[in-house]
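Values below: all heavy atoms of this structure, side chains included; hydrogens, waters and symmetry mates excluded. Below, chain A is the first sequence line, B the second, and so on; all start at residue 1.
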Amino acid sequence: MNRNRNLEKSYSPDSIEQKWYAKWLEAGLFNAEINPEAKAFSIVIPPPNVTGSLHVGHAFDHTFQDIMCRTKRMEGYSVLWLPGTDHAGIATQNVVERDLSKKGISRYDLGREEFVKKVWEWKGVYGSRIIEQLKRLGNSCDWRRERFTLDEGLSKAVRTVFVRLYQKGLIYRGKYIVNWCPRCATAISDLEVEYSEEQGSFYYVKYPIIEKDCGEEYLLVATTRPETIIGDVAIAVHPRSEKYKHLIGKHVKVPLTDREIPIIQDNMVDPEFGTGCVKITPAHDPNDFLVGLNHNLEQIQVIDSQGIMNDNAGKYKGMTIEQARQESVKDLESMGLLLKTEKITHSVGHCQRCGTTVEPYLSEQWFVKTKPLAERGVQAVKDGRIRWVPEQWEKTYFNWMENIRDWCISRQLWWGHRIPAWECRDCGHITVAEVDPTECEHCHSKNIIQESDVLDTWLSSALWPFSTMGWPEDKPELKYFYPTSLMVTGFDIIFFWVARMIMMGLEFMDDVPFRDVYIHSLIRDEHGKKMSKTKGNVIDPLVMIEKYGADALRMTLAALSVQGRDILLSSTRIETYRFFMNKLWNAARFALMNLDDDVHEIDKSQLHLHDKFILTRTQEMAQSVRELIDSYDIGTAARSLYDFVWGDVCDWYLEMSKPALKGDEGEARRKTTAGVLEEVFRTTLPLLHPFTPFITEELWAAFGYDESEKFIMRSSWPEAKKDFMFAGVIDEMRVLQESVRTLRNLRAEAHVPPQQWLNRAVIRVDSGTASAKILSDSLNQISNLCRVHEVVIQQPSESWTYGASLSSVTGDCEIKLPVGDVLDVAKEITRLEQEIAAIGKTIAASQTRLDKADFIARAPAEVVEKERSKVSEGKAQIERLRANLESLSK
RNA sequence: GGGCGGAUAGUUCAGCGGUAGAACACCUGCUUUACACGCAGGGGGUCGUAGGUUCGAACCCUGCUUCGCCCACCA
């Protein structure tokens, strides 16, 4: 072996990370290959926005995915981790528009074609930034396959999907009320509206009644939007409303205008809310729109697409919504039609992208009819073809899918997939086609014009799992890697993305897009606040990588990850794992200083308890970490590795192996101990590799393993070697650890000079002897009892032997204590406790197997009684023994 | 209105039926040649609350208090 014995005294990640990432790339280790001999494992990355910059959310789910990918590679799967970015329609267009506006240019100045060109230029410069940042994390994506949602191939997929859905009647066009962002000047989907509670006013407005014979002068209507009054076309009351029944069919005059409108009845009105009657403005309210359709009412638009009052708004024309509101209130007041104003809190929708208040806006839009697609999506989860982890998200998913509403997919933007529909200027027919048509398919007129809208970005994202693999072409990748194995993402895009991928996957691939969906929690700051730039509490992963190293960041994120709870991240936490990296580094450094060039065989006859212990623990880790990762419990996996390395390996094994490695116990022991040490690292480094790829690769090389095996990344996942697993040694070791701890306390009390403090005690205990608890209890008894300067511990039985170092700790003291008795009693207590637990479990097991009532009815009650009495007898006995122990100690 | 999740040491969180754990912080003592990014020890918790199930509950069930999230409605 070519060992590197000159490791730096502390671990510095910087150069090491860069070095290995380049080497992995060079060796093509991230490349996914179709290998019929191997099972496939695939993940498509949730594509970050091209405008994006790496934040901890990305860092978190990418760490998770990388851990899965690296583990699966080591397990022998052919792994595809497919990266890419999302063109992010509104977000990107906004960024470029903002840039332009700094130069005083608007996108309209440039025109569509020029503007789109500018966005592409921007993408060329900044679009790869997020990808470069992802690489810093150590992501093992197959970068050769990087995709972009506006790529040629993906655009083709989008177009194919659009045309097929249209032909199937699942895409339609129509004039509806949609959520409209006046600032972005585009429609947005229901999901892109974010609601927040706001202070507003409730205006009580009098609508004079035309018919003088009904006994009332006016109808009182409460509204939050007086500026839309001029767009009113009716007043609605509940059909069974006693209060207004006699007014149905009568008319009122719309304030601020000369129009007269009818009083109608509709179930949508809640007689308990407000005044019990509602003004109907079909062009500016979604509910009113529906009422309008049902009653065949006119739709009067008074606000335009920019949020400005239009020609229909009379004197308010040209005002903003806010101005018009104030003006109309003023006017109503002066006309004596405003009865009162009430302060209320109501929730107001805002544009997800820019925060502008969303307006319901009547316009021609394209929609996906989602019901039929959603039904299949629900079915796929119900019959287990898709599994949600944690399972609870299933409910959220079902709830949304079962109440799904049609999806508005048209956007009045320039950046995106242009809708492949052409309207004929002559006959009005719409031609939808995969290949740009030259004439109307209906009347063959050449006078056709393409729809100017583009598609919602999320439509292209919904195709991501298969469009990235070459669909609609019949690519071998699709056959081999689709459906993907796992989707890892946050709950915030379950509806936006996950649900839609499921629908599209089922529709176009006739199969689910992924087998498992892992939904991870939100990362918050150390105080539980959502991270945001405005709050300034953002933890920038790149800064953390600079400061602590990518491995430390990854290990932190992995270890903190837990299902069903938000993750609170702070830099001190990352620091903890930074320390861990250093610990690992130094442990390896110690090992290297003590290993010969040759690898020594482990001579089983030379193994001491601590050797057997660490070997067994190591094999256990190989087993359990794999199982934990396979069940997506990377949090427990990471934490158990941390405890194992720091606790078992460093605190105990390395310390206890020192005398042997120094040669104090002879050459045979030295060689075997070296062999054990080697085995520990050779197994543990690969276990850590998915979590902390860089440091493990560096150490792997330092140990000299890369000569024949090359990279650790290419190594196989260590199998648990039965040969190195010894029964009972873990318990025995825990006994020893407790004993040593107690002895250290004794020593401390005895003011033994530090030089003589116990570093090492060789205590042999027969296998099958007491648990750790017994010994520690009894030793604690001793330490409590003794005037420490008189303490020596007597050998309780032949199974105890003390190493030489113990006497140096305890000096010349001497004690006589009934250790054996204490031990026996304690042992008996433990035995009884275990027995009780066992009986309890038996009872519990038989009860859970059957229905409880059923069990009691059918099971022999006397058996249960007998078991129960055994338990209470045992307990009584324990009480007696405890008292006994107490007296023995005195 | 519907749904989901949390409440455990000063703080952040594990544990989820068998005698309360970690990290950080705090206190004490240590330049013991892998590591002061360290070592050894210590203090600190009636596991939100009231009931219930059980031989046994932080853990299961019910109510309550409280914090947070999602969906729907909001004229």
Side-chain angles (χ1 to χ4, degrees), chain A residues 7 9-11 195 197 200 202 221-225 228 235-236 268-270 273-281 285 287-288 291 344-348 390 392-393 395-396 398-400 403 491-492 494-495 521-522 524 526-528 548 552 559-560 562-570 572-573 575-594 635-636 639 642-643 647 650-651 654-655 658 740-741 744-745 747-748 754-759 773 829-830 833-834 836-841 843-844 847-848 852 867-875 878:
Chain A
L7 297 183
K9 205 172 164 189
S10 62
Y11 173 58
Y195 291 91
E197 294 284 300
F202 216 17
V221 174
T223 178
T224 53
R225 305 210 51 191
T228 63
I235 299 293
M268 152 266 198
V269 181
D270 175 0
F273 190 88
T275 61
C277 43
V278 185
K279 70 189 207 58
I280 302 298
T281 323
D285 182 277
N287 286 321
D288 295 4
V291 173
I344 54 155
T345 31
H346 59 154
S347 83
V348 178
Q392 71 201 56
W393 292 108
K395 267 194 179 172
T396 310
F398 284 143
N399 188 43
W400 190 72
N403 298 295
F491 60 82
D492 49 334
I494 287 178
F495 307 144
S521 328
L522 200 69
R524 297 171 175 277
E526 55 197 306
H527 307 294
Y548 303 109
L560 288 181
V562 64
Q563 293 180 1
R565 194 170 185 156
D566 289 343
I567 297 161
L568 274 53
L569 186 68
S570 67
T572 49
R573 274 171 173 257
E575 201 169 34
T576 303
Y577 288 93
R578 163 78 237 264
F579 296 159
F580 175 66
M581 292 304 121
N582 194 243
K583 189 73 180 174
L584 176 68
W585 180 261
N586 273 288
R589 185 162 162 252
F590 169 82
L592 285 163
M593 288 163 73
N594 285 286
T636 308
R639 274 176 261 126
Y642 178 99
D643 292 342
C650 294
D651 289 348
L654 294 189
E655 292 303 329
K658 279 175 182 174
V740 169
R741 216 161 271 151
R744 280 169 179 159
N745 281 340
R747 168 201 61 192
Q755 290 79 2
Q756 292 177 40
W757 281 27
L758 182 70
N759 288 322
K773 193 66 193 157
I829 290 177
T830 303
E833 278 176 349
Q834 283 170 355
I836 288 169
I839 295 169
K841 269 178 189 154
I843 298 173
Q847 283 174 341
T848 44
K852 205 170 167 187
E867 297 299 302
R868 282 183 183 167
S869 66
K870 262 196 225 168
V871 169
S872 40
E873 266 171 40
K875 291 206 154 175
I878 286 176

- Convert the base pairs of RNA chain B into dot-bracket notation, remembering that pairs crossing earlier ones are written with [ ] and that bases paired across to another strand are shown as |; include only Watson-Crick or G-U pairs under 3.5 Å. ((((((((.[[[[.)..(..]]]].(((((.......))))).....[[[[[..)....]]]]])))))))....
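A/Arg578 comes within 4.0 angstrom of a base, heavy atoms only. Using a 4.0 Å heavy-atom criterion, one finds that A/Asn594 contacts no nucleic acid atom at all. Heavy atoms of A/Ser10 sit under 4.0 angstrom from at least one base atom. Within the nucleic acid shown, A/Leu560 has no heavy atom closer than 4.0 Å to any nucleic acid atom. No engagement by A/Phe580 is indicated, since no non-hydrogen atom pair under 4.0 Å with the nucleic acid exists. Residue contacts shown for A/Ala587 include a base, since a base heavy atom lies under 4.0 Å away. Contact annotation for A/Arg573: base contact, defined as any heavy-atom pair under 4.0 Å involving a base atom.
As a whole-Å value, the separation of A/Phe579 CZ from B/G38 C1' is 10 Å. Rounded to an integer number of Å, the gap from CE of A/Met581 to P of B/G38 is 13 Å. Atom-to-atom, CG of A/Asn403 to P of B/C71 comes out at 13 Å; the value is rounded to the nearest Å. At whole-Å resolution of the value, CG in A/Leu654 and P in B/C35 are 12 Å apart. Across the protein-nucleic acid pair, A/Asp492 atom CG and B/C69 atom P stand 14 Å apart, rounded to whole Å. At whole-Å resolution of the value, NZ in A/Lys583 and P in B/A23 are 12 Å apart. Across the protein-nucleic acid pair, A/Leu7 atom CG and B/C35 atom C1' stand 12 Å apart, rounded to whole Å. In this entry the distance linking NE2 of A/His346 with C1' of B/A72 reads 17 Å, nearest Å.
With sequence neighbours excluded, the residues forming a side chain to side chain contact (heavy atoms under 4.5 Å, CB included) with A/Thr636 are A/Leu628, A/Asp633, A/Arg639, listed by chain and number. Contacts of A/Tyr548 classified as ring-ring contact (aromatic ring centres under 6.0 Å, His included), with partners at least two apart in sequence or in another chain: none. Scanning for side chain to side chain contact (heavy atoms under 4.5 Å, CB included) contacts around A/Arg573 gives A/Thr556, A/Leu560, A/Ser570, with sequence neighbours left out. Under the side chain to side chain contact (heavy atoms under 4.5 Å, CB included) criterion, A/Asp643 pairs with no residue, sequence neighbours left out. By the ring-ring contact (aromatic ring centres under 6.0 Å, His included) test, A/Phe491 pairs with A/Trp393, sequence neighbours left out.
Taking the C1' atom of each, B/U65 and B/C73 are spaced 27 Å apart, rounded to whole Å. B/C27 sits 25 Å from B/U46 when the C1' atoms are compared, rounded to a whole Å. Taking atom C1' on both B/G6 and B/C39, the two are 37 Å apart, rounded to the nearest angstrom. Nucleotides B/U66 and B/A50 place their P atoms 16 Å apart, quoted to the nearest Å. Distance check on atom P: B/U53 versus B/A58 gives 16 Å, rounded to whole Å. Nucleotides B/A20 and B/U62, compared at atom P, are 25 Å apart to the nearest Å. B/G21 and B/C16 have their P atoms separated by 14 Å, given to the nearest Å. For B/C24 and B/G63, the C1' atoms lie 37 Å apart once the distance is rounded to whole Å.
Within the structure, every side-chain polar atom (N or O) of A/Lys658 is placed at least 4.0 Å from both OP1 and OP2 of B/U33. Remark: A/Lys395 is in phosphate contact with B/C4, judged by side-chain N or O atoms under 4.0 Å from OP1 or OP2.
A/Glu655 contributes a side-chain N or O that forms a donor-acceptor pair with the base of B/A34 under 3.5 Å. Between the base of B/C35 and the side chain of A/Lys9 there is no donor-acceptor pair shorter than 3.5 Å.
Annotation: of the two residues near RNA chain B, A/Thr224 and A/Asp643, the 5′-most nearest-nucleotide partner is A/Asp643. Between A/Trp393 and A/Tyr642, the residue anchored closer to the 5' end of RNA chain B is A/Trp393, taking for each the nucleotide with the nearest heavy atom.
Taken to the nearest 0.5 Å, the CG atom of A/Asn287 stands 8.5 Å off from the CD1 atom of A/Ile280.
Between A/Met268 and A/Asp288, some side-chain heavy-atom pair lies under the 4.5 Å cut-off.
Counting only heavy atoms from C-beta on, A/Met593 has its side chain closest to B/A34 among B/C35, B/A34, B/C70. Picking from B/C73, B/A34, B/C39 the nucleotide with the shortest atom distance to the side chain of A/Asp651 gives B/C39. Comparing B/C71, B/C73, B/A23 by their closest approach to the side chain of A/Asn287 singles out B/C73.
Side chain of A/Asn403 to backbone of A/Asn399: a donor-acceptor contact under 3.5 angstrom is found. For A/Asn586 (side chain) and A/Lys9 (main-chain N/O), a donor-acceptor pair under 3.5 Å exists by modelled atom type.
A/Trp585 and A/Tyr11 have tilted rings, their planes meeting at an angle from 30° to 60° on a 0 to 90° scale.
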